[in-house]
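Working notes, structure below.
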Amino acid sequence: DHGVATVGDTGTGDRDVNFTTAFSGVTYIAVSSLSGGAAGSVANSRTSSADVTLLAFNASGSALDEDHDTIIMGDLS
């Protein structure tokens, strides 16, 4: 079980998702898409087995606070 412990707002378009239980390594996947109606993208940065950073951008490449949906998968056997 790798539930979400916290979601931190660390700046415009920047969210840090911390897991209740860390994955066994950084070889998990996070897939996101904007869901609030704005054109743009979400980048995922995995530098730790215990959290992932989600960065949202508008179509011009500027940081954007917008609703987005994310699914995170790993440690599958």
Side-chain angles (χ1 to χ4, degrees):
D1 179 11
H2 301 283
V4 173
T6 61
V7 177
D9 182 353
T10 57
T12 301
D14 192 342
R15 303 290 181 267
D16 187 52
V17 179
N18 295 289
F19 310 126
T20 54
T21 303
F23 286 99
S24 61
V26 295
T27 55
Y28 58 89
I29 187 168
V31 179
S32 300
S33 66
L34 294 178
S35 61
S41 61
V42 181
N44 304 305
S45 174
R46 299 175 317 275
T47 57
S48 164
S49 61
D51 72 338
V52 63
T53 300
L54 307 174
L55 305 166
F57 301 96
N58 64 20
S60 300
S62 298
L64 172 71
D65 279 335
E66 182 71 31
D67 292 341
H68 53 276
D69 298 316
T70 302
I71 185 168
I72 302 166
M73 298 173 286
D75 289 347
L76 305 173
S77 55

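Keep in mind that what you see is a predicted model, and the values were worked out from it rather than measured.
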Taking every heavy atom of L34 against every heavy atom of A56, the minimum-distance pair comes out as CD2-CB, 4.2 Å
Can you sort out the partners of T70 under side-chain hydrogen bond (donor to acceptor under 3.5 Å, both in side chains), two or more places apart, ordered by chain and number?
S32
D51 vs V17 side-chain heavy atoms within contact, under 4.5 Å
no
Determine whether N18 and T6 satisfy the following criterion, side-chain hydrogen bond (donor to acceptor under 3.5 Å, both in side chains), listing intermediate values before the conclusion.
CA-CA 5 Å; N18 295 289; T6 61; 2.9 Å; yes
Considering residues at least two apart in sequence or located in another chain, which fulfil the side-chain hydrogen bond (donor to acceptor under 3.5 Å, both in side chains) criterion with N58?
none
Minimum heavy-atom distance I72-A30, with the two atoms named:
CG1-CB, 4.0 Å
Could you work out, with side-chain hydrogen bond (donor to acceptor under 3.5 Å, both in side chains) as the rule, every residue matching T10, not counting sequence neighbours?
D14
Is T12 reaching over with its side chain to a backbone N or O of A63, donor-acceptor style, under 3.5 angstrom?
no
The complete set of ring pair (Phe, Tyr, Trp, His ring centres under 6.0 Å) pairs with one or both residues in residues 26-52, sequence neighbours excluded, reads F19-Y28, F23-Y28
What distance separates E66 CD from S41 OG, expressed to the nearest 0.5 Å?
12.0 Å
Test salt bridge (Lys or Arg N to Asp or Glu O under 4.0 Å) applied to R15 - qualifying residues, sequence neighbours left out:
D9, D65
Treating Ile, Leu, Val, Met, Phe, Trp and Tyr as nodes and any side-chain heavy-atom pair under 4.5 angstrom as an edge, say whether I29 and V26 lie in one connected cluster.
no
Identify the two heavy atoms, one from H68 and one from S33, that lie closest to each other, and give their separation to 0.1 Å.
CB-O, 3.0 Å
On a heavy-atom basis, which atom in G25 and which in S49 lie closest, and how many Å separate them?
O-CB, 3.6 Å
Other than F57, what residues sit in its cluster of Ile, Leu, Val, Met, Phe, Trp and Tyr side chains whose heavy atoms are under 4.5 Å apart, directly or through others?
L55
Between CG of D75 and OG1 of T27, what distance do you get to the nearest 0.5 Å?
7.0 Å
Using the rule that two of Ile, Leu, Val, Met, Phe, Trp, Tyr join whenever any of their side-chain heavy atoms come within less than 4.5 Å, decide whether L64 and V7 are in one cluster.
yes
